[in-house]
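Data block below; observations after.
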Amino acid sequence: MIKHHPSDALLAQYCNASLPASINVAVAIHLDMCSCCKEKVQRIEANNAVDVFGTDDEHPQTTDLAIDELSLIDAITADVTADEVYKVAPQSILVNQQNYQLPRALARISHSKFMQMGKLSRSRIDLDDGALRSSLLHIDAGGEIPEHTHTGFELTLLLDGEFSDEEGQYVPGDFMWLDGRHQHTPITEKGCLCYTVVSSALHFKKGLSKLLNPIGNLIY
């Protein structure tokens, strides 16, 4: 069962189309995996529609602006020349002999070849999103990322497999948002594939793990 979700504020921003592209993709993927958040978004969108188009049922008021809006909607819906809705063909990737199907939101976005360092592999998602970096992150079975904190924020959405850290275990669909207040050591027994968004490199702070800061730069 999915236990970790985007905040209500983040869902509201998603509905208002005010999120950066990489975070918008993360929320869209989560919604395809989580019926609970999908229902929340439907309610938010319905309320937004009432705010924009709704009128008092008992005392309807028709203004020139409302008439123009309705005319525009009628013209759009009456257009029989509109193309059919594009159907997204399933896309799969092979990472270290493991086959994964990409989420629908990523099926038409290109990504780089996987770069590998030990049990960790990363493929950069081709999104021009300023300082934010989005990636597919794969950890082989038995792999881990040593204990680290974050110099910015790190959004992790588990797509397939499993991993755990000091806070518990995670299943596909879990949506985690961490920042400099958090330290953790992700580890996976069977392997996992994640979609990640980071605003800065991970930072390893303890003992010899400081030598692993290049891994933090690899993920960023």
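Heavy atoms only: backbone and side chains are in, while hydrogens, waters and symmetry mates are out. Nothing here was measured: the structure is a model prediction, and the numbers come from that model.
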Exercise for review: Evaluate ring pair (Phe, Tyr, Trp, His ring centres under 6.0 Å) for F175 paired with H5, printing each intermediate quantity in order.
Suggested key: CA-CA 5 Å; F175 184 108; H5 308 268; 8.9 Å; no
Review point. What do you reckon, is CG of D128 surrounded by more than 12 foreign heavy atoms closer than 6.0 Å?
Key: no
**Study point:** Donor-acceptor side-chain pairing of D140 and H138 below 3.5 angstrom
**Key:** yes
Practice item. Look at the side-chain heavy atoms of Ile, Leu, Val, Met, Phe, Trp and Tyr, link any pair under 4.5 Å apart, and say whether L10 and L127 land in one connected group. Key: yes
Review point. Minimum heavy-atom separation for S199 to L132, with atom names?
Key: CB-CD2, 3.7 Å
Review point. Quick one: SG on C36 to CE on M1, what's the gap to the nearest 0.5 Å?
Key: 10.0 Å
Review point. D165 and H184: side-chain donor and acceptor closer than 3.5 Å?
Key: yes
**Study point:** D174 side chain vs H4 backbone, donor-acceptor pair below 3.5 Å
**Key:** yes
Review point. Should Y170 and M33 be counted in the same cluster of Ile, Leu, Val, Met, Phe, Trp and Tyr side chains packed under 4.5 Å apart?
Key: no
**Study point:** Joint hydrophobic cluster, V27 plus L159, side-chain heavy atoms closer than 4.5 Å
**Key:** yes
Check your understanding: Is there side-chain contact between F114 and S135, with at least one heavy-atom pair below 4.5 Å?
Key -> no
Review point. Within the distance-only criterion (no hydrogens, no angle test), does the side chain of Q101 pair as donor or acceptor with the backbone N or O of P90 below 3.5 angstrom?
Key: no
**Study point:** Backbone N/O of A12 and side chain of N16: donor-acceptor pair under 3.5 Å
**Key:** yes
Check your understanding: Are any non-hydrogen side-chain atoms of H30 and P6 less than 4.5 angstrom apart?
Key -> yes
Review point. Donor-acceptor pair, D32 side chain versus P103 backbone, under 3.5 Å?
Key: no
Review point. Are L106 and L158 in one and the same hydrophobic cluster, where Ile, Leu, Val, Met, Phe, Trp and Tyr link if side-chain heavy atoms are under 4.5 Å apart?
Key: no
Check your understanding: Is a side-chain donor or acceptor of D126 paired with a backbone partner of S110 at a separation under 3.5 angstrom?
Key -> no
Check your understanding: Would a 4.5 Å heavy-atom cut-off, applied to side chains only, mark P186 and E144 as touching?
Key -> no
Point to revise | NZ/NE/NH1/NH2 to OD/OE distance under 4.0 Å, K40 and D8 | key: yes
Review point. Any luck finding a side-chain donor-acceptor pair between E166 and T185 under 3.5 Å?
Key: yes
Check your understanding: Do I139 and I187 touch side chain to side chain, with heavy atoms closer than 4.5 Å?
Key -> no
Check your understanding: Are the side chain of K119 and the backbone N or O of A141 linked by a donor-acceptor pair below 3.5 Å?
Key -> yes
Practice item. List the atom of L155, the atom of A26, and the distance in Å for their closest heavy-atom pair. Key: CD2-CB, 3.8 Å
Practice item. Considering non-hydrogen atoms only, spot the tightest contact between V197 and S134 and give its length. Key: CG2-CB, 4.1 Å
Review point. Quick one: CD1 on I2 to SG on C34, what's the gap to the nearest 0.5 Å?
Key: 4.5 Å
Point to revise | N/O donor-acceptor pair under 3.5 Å between T188 side chain and E162 backbone | key: yes
Revision key, fill the gap. On a heavy-atom basis, the closest approach of I93 and H111 is CG2-NE2, 3.7 Å
Practice item. Verify, without hydrogens or angle tests, whether T196 (side chain) and T156 (backbone) share a donor-acceptor contact under 3.5 angstrom. Key: no
Check your understanding: Between N47 and I44, is there a donor-acceptor pair closer than 3.5 Å when you use the side chain of the first and the backbone of the second?
Key -> no
Exercise for review: Following the transitive rule for hydrophobic clusters with a side-chain heavy-atom cut-off under 4.5 Å over Ile, Leu, Val, Met, Phe, Trp and Tyr, establish whether L157 and F163 coincide in one cluster.
Suggested key: no
Review point. Around atom CD of Q169, are there more than 12 heavy atoms of other residues, nucleotides or ligands at under 6.0 Å?
Key: no
Point to revise | Nearest-0.5 Å distance, CG of residue L19 to CG of residue L11 | key: 9.0 Å
Exercise for review: Measure from the side-chain N and O atoms of S112 to the backbone N and O of R124, and report whether any donor-acceptor pair falls under 3.5 Å.
Suggested key: yes
Review point. Between E154 and V198, which heavy-atom pair has the shortest distance, and what is it?
Key: CG-CG1, 3.8 Å
**Study point:** M115 side chain reached by S121 side chain, heavy atoms, under 4.5 Å
**Key:** no
Review point. Do the side chains of F153 and I23 get nearer than 4.5 Å, heavy atoms only?
Key: yes
